Amino acid sequence: MGFLSDTYLLESAAAETLYAEIKSVPIVDPHTHADLEEIVANDGWDDIWEVEGATDHYVWSMMRTRGIPERKITGDASNKEKWLALAAEFPNFAGNPSYEWIHLDLKRRFGIEKPISEATAESIWTETKAQLATDTMRPQQLLADMNVELFCTTDDPTSSLEAHEEAERAIDGVDVRPTWRLDRALHIGRDSWDEFVDDLEQATGTGVQSFSGFIEALEQTHEYFHAHGCRASDLSLEQISTRPVSQRRARTVYRKALEGTNLTPDDVADFQAYLIETVGRLNAARGWVTQLHLGAVRDYRDELFQTVGADAGGDVSKHSIDLADELVYFLNEFDGETDIVLYTVDPTQYPTITTIARAFPNVSVGPAWWFNDSPYGIEEQLQYVGSVDLLANHAGMVSDSRKLLSYGSRFEMFRRTLANVVGEMVDRDRVAMAHAEHLVNYLAYERPKSLYGFE
């Protein structure tokens, strides 16, 4: 059996047939962390570490667990030192999706099939460096090679979206959309929230010393994003709480925060609940999708946060959140009013969000997120959603990637796993092949386009 051969992740003839159906369909990616300025500039990269390791906290985490010093991860070591350190430990990454993604990147984009190791590190460094110096490895050409039709970036409401305006002029054949990412607005009581309020006033020219001014300014950014093609909001919260909160109560908490008064947990929860409902109303009015990423505990490891900063790989999953109780108000308030996509970082929450999706036709289960974005995690989720709700109602795939080179690899892993899950149904005489072919085509391409209104 080969390594990443044509039958990679495909365990039957039916799975192979189904994957052949979707292998080459265009990529529609509703959620990325793309560096759009990098793509617009189209300058490319100098070396394989810059491509595969410099921005990827998944890789950083695995390197740390193998004892590689921080200097050779996010520190002042040269890129070559970092690559050699990564490569020397790479055989020990086997079983983790990063092992497969990076090997797929090498095979699909560079034509390099040798496994990464200490013995091959130098030759891979040299071969990839030479290829990265060519025009064929520039970001915009890679988007074309990976058959990316559309992708959405993740953007703070205060963004000018200048890069999106430039992308519309500079990038042919790819539709690039912003996403209204509201995290900073909800983190009332933190320094980042104070900074957000100042940035919001500067971006909109609207005074935010009053709560009504704050809401008006947010509405302006929502309208501005819509004019630039945005069709979805997003927010990520460790613990969500939705309930009816009066404008008067939210205004009182807002004033306390501006005055620097310490907020109680109830203050924070009430303000967030009011703002989440406001987001729902704005989205419903403009036909946007409401994306909720739930349960990630950010920057859990103090030392890492203090020395490296946020989004450095020190995040963990939280099980003890009651999604059914905490979402019930929002879900009923916006029943049929706005499409809602739920992502949960803890797979034990799948039964809750899947049964919610079964009860509410406007709610979809988002793809296996973060720690679950592996053949094992994707397969487990697809099987559960397909048996409890409808697989056709799954939201489809997103890359959630900070690395442009991995868009193709992440979608390939999803599509192969999807083909294998549905192929097993065919092999067990549970599904007619014609219906199986329709299902995988629908989930791989048509479903995200229709769900997010990209058609």
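No experiment lies behind these values; they were computed from the predicted model shown.
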### Message
Less than 3.5 Å apart, any donor N or O on the side chain of Glu70 or Trp60 sitting next to an acceptor on the other?
### Response
no
### Task
List the steps and the verdict of side chain to side chain contact (heavy atoms under 4.5 Å, CB included) for Trp83 and Asp47.
CA-CA 9 Å; Trp83 166 253; Asp47 58 64; over 6 Å; no
### Summary
Taken to the nearest 0.5 Å, the spacing of Asp155 CG from Arg177 CZ works out to 13.0 Å
### Query
Taking atom types as modelled and ignoring hydrogens, do the side chains of Lys403 and Thr55 form a donor-acceptor contact shorter than 3.5 angstrom?
no
### Message
So Thr158 and Phe196, do their side chains get closer than 4.5 Å, heavy atoms only?
### Response
yes
### Query
Any chance the side chains of Glu89 and Asn92 put a donor and an acceptor closer than 3.5 Å?
yes
### Task
Mind checking the OG-CG spacing from Ser236 to Leu182? Nearest 0.5 Å is all I need.
12.0 Å
### Query
If every non-hydrogen atom of Leu4 is compared with every non-hydrogen atom of Lys107, which pair is closest and at what distance?
O-NZ, 2.6 Å
### Message
Using only atom types and a distance under 3.5 Å, with no angle test, would you say the side chain of Arg447 pairs donor to acceptor with the backbone of His394?
### Response
yes
### Task
Rounded to the nearest 0.5 Å, what's the gap from CG on Asp135 to CD on Gln141? Could you check?
8.5 Å
### Message
For Phe411 and Phe414, I'd like to know if the aromatic rings sit close, meaning centre-to-centre distance below 6.0 Å.
### Response
no
### Query
Do Asn96 side-chain atoms and Phe93 backbone N/O form a donor-acceptor pair below 3.5 Å?
no
#### Entry: Side-chain touch Leu237/Ile276, heavy atoms, less than 4.5 angstrom
yes
### Query
Under 4.5 Å between any side-chain heavy atoms of Trp101 and Arg410, yes or no?
yes
### Side-chain donor/acceptor of Asn147 to backbone N/O of Ser24, under 3.5 Å
yes
### Task
Output, in order, the C-alpha distance, side-chain angles, deciding distance and verdict of side chain to side chain contact (heavy atoms under 4.5 Å, CB included) for Tyr343 and Trp370.
CA-CA 10 Å; Tyr343 302 76; Trp370 205 334; over 6 Å; no
### Query
Do Thr136 and Gln131 come close enough that some side-chain heavy atom pair is under 4.5 Å?
no
### Task
Mind checking ring pair (Phe, Tyr, Trp, His ring centres under 6.0 Å) for Tyr224 and listing every partner two or more places apart, or none if nothing turns up?
His228
### Task
List the steps and the verdict of side chain to side chain contact (heavy atoms under 4.5 Å, CB included) for Ile48 and Phe110.
CA-CA 11 Å; Ile48 190 64; Phe110 294 97; 4.1 Å; yes
### Query
With distance as the sole test, does Lys129 use its side chain to make a donor-acceptor pair with the main-chain N or O of Asp46 at under 3.5 Å?
yes
#### Entry: Heavy-atom closest pair, residues Gly229 and Pro178
C-CD, 4.2 Å
### Query
Could you state the interatomic distance from CD (Glu37) to CG (Asp43), rounded to the nearest 0.5 Å?
12.0 Å
### Message
Using side-chain heavy atoms (C-beta onward) and a distance below 4.5 Å, is Leu235 in contact with Gln291?
### Response
no
### Message
Treating Asn372 as the side-chain partner and Gly377 as the backbone partner, does any N or O pair qualify as donor plus acceptor under 3.5 Å?
### Response
no
### Message
Applying ring-ring contact (aromatic ring centres under 6.0 Å, His included) as the test, list every pair that has at least one member in residues 12-39; sequence neighbours left out.
### Response
His31-His33, His31-His293
### Query
Cut-off 3.5 Å, side chains only: do Glu149 and Tyr445 have a donor facing an acceptor?
yes
### Query
Do Trp180 and Thr221 have side-chain N/O donor and acceptor atoms under 3.5 Å apart?
yes
### Message
Please find the pair of heavy atoms, one from Ser117 and one from Thr120, that lie closest to each other, and give the distance.
### Response
N-OG1, 2.9 Å
### Task
Indicate whether any N or O donor in one side chain lies under 3.5 Å from an N or O acceptor in the other, for Tyr350 and Glu380.
no
### Validation row, ring centre His103 to ring centre Phe3 under 6.0 Å
yes
### Donor-acceptor contact below 3.5 Å, side chain Trp193 vs main chain Ala185
yes
#### Entry: Side chain proximity check, Val174 to Leu150, heavy atoms < 4.5 angstrom
no
### Task
Mind running salt bridge (charged side-chain N to carboxylate O under 4.0 Å, His left out) on Glu195 and Arg190 for me, showing each step along the way?
CA-CA 9 Å; Glu195 293 169 1; Arg190 303 184 190 178; over 6 Å; no
### Query
How are the rings of Tyr452 and Phe454 set to each other: parallel, tilted or perpendicular (split at 30° and 60°)?
parallel
### Query
Are any of the side-chain heavy atoms of Arg301 and Arg64 separated by less than 4.5 Å?
yes
### Task
Give a yes or no answer on whether the side chain of Thr354 reaches the backbone of Pro351 with a donor-acceptor pair at less than 3.5 Å.
no
### Query
Which atom pair, heavy atoms only, marks the closest approach of Gly309 to Asp299?
O-OD1, 4.1 Å
### Query
Is it true that atom CD of Gln383 has more than 12 heavy atoms of other residues, nucleotides or ligands lying nearer than 6.0 Å?
yes
### Side chains of Thr179 and Asp234, donor plus acceptor under 3.5 Å
no
#### Entry: Sequence-distant partners of His222, side chain to side chain donor-acceptor pair (under 3.5 Å), two or more places apart
Asn283, Arg286
### Query
For the side chain of Glu337 and the backbone of Asn332, is there at least one donor-acceptor N/O pair under 3.5 Å apart?
no
### Message
Would you compute the distance between atom CD of Glu446 and atom OG of Ser450 and round it to the nearest 0.5 angstrom?
### Response
8.0 Å
### Query
Salt bridge check: are Asp199 and Arg184 linked by an N-O gap of less than 4.0 Å?
yes
### Task
Using a 4.5 Å cut-off on heavy atoms from C-beta on, say whether the side chain of Val365 contacts that of Tyr384.
no
### Task
Find the distance between OG (Ser12) and CG (Leu18) and round it off to the nearest 0.5 Å.
7.5 Å
### Message
I'd like to know if the side chain of Asn362 and the backbone of Thr338 have a donor-acceptor N/O pair within less than 3.5 Å.
### Response
yes
### Query
Do the side chain of Gln381 and the main chain of Gly366 share a donor and acceptor less than 3.5 angstrom apart?
yes
### Message
Give me the atom names and distance for the closest heavy-atom approach of Ile124 to Pro115.
### Response
CD1-O, 4.4 Å
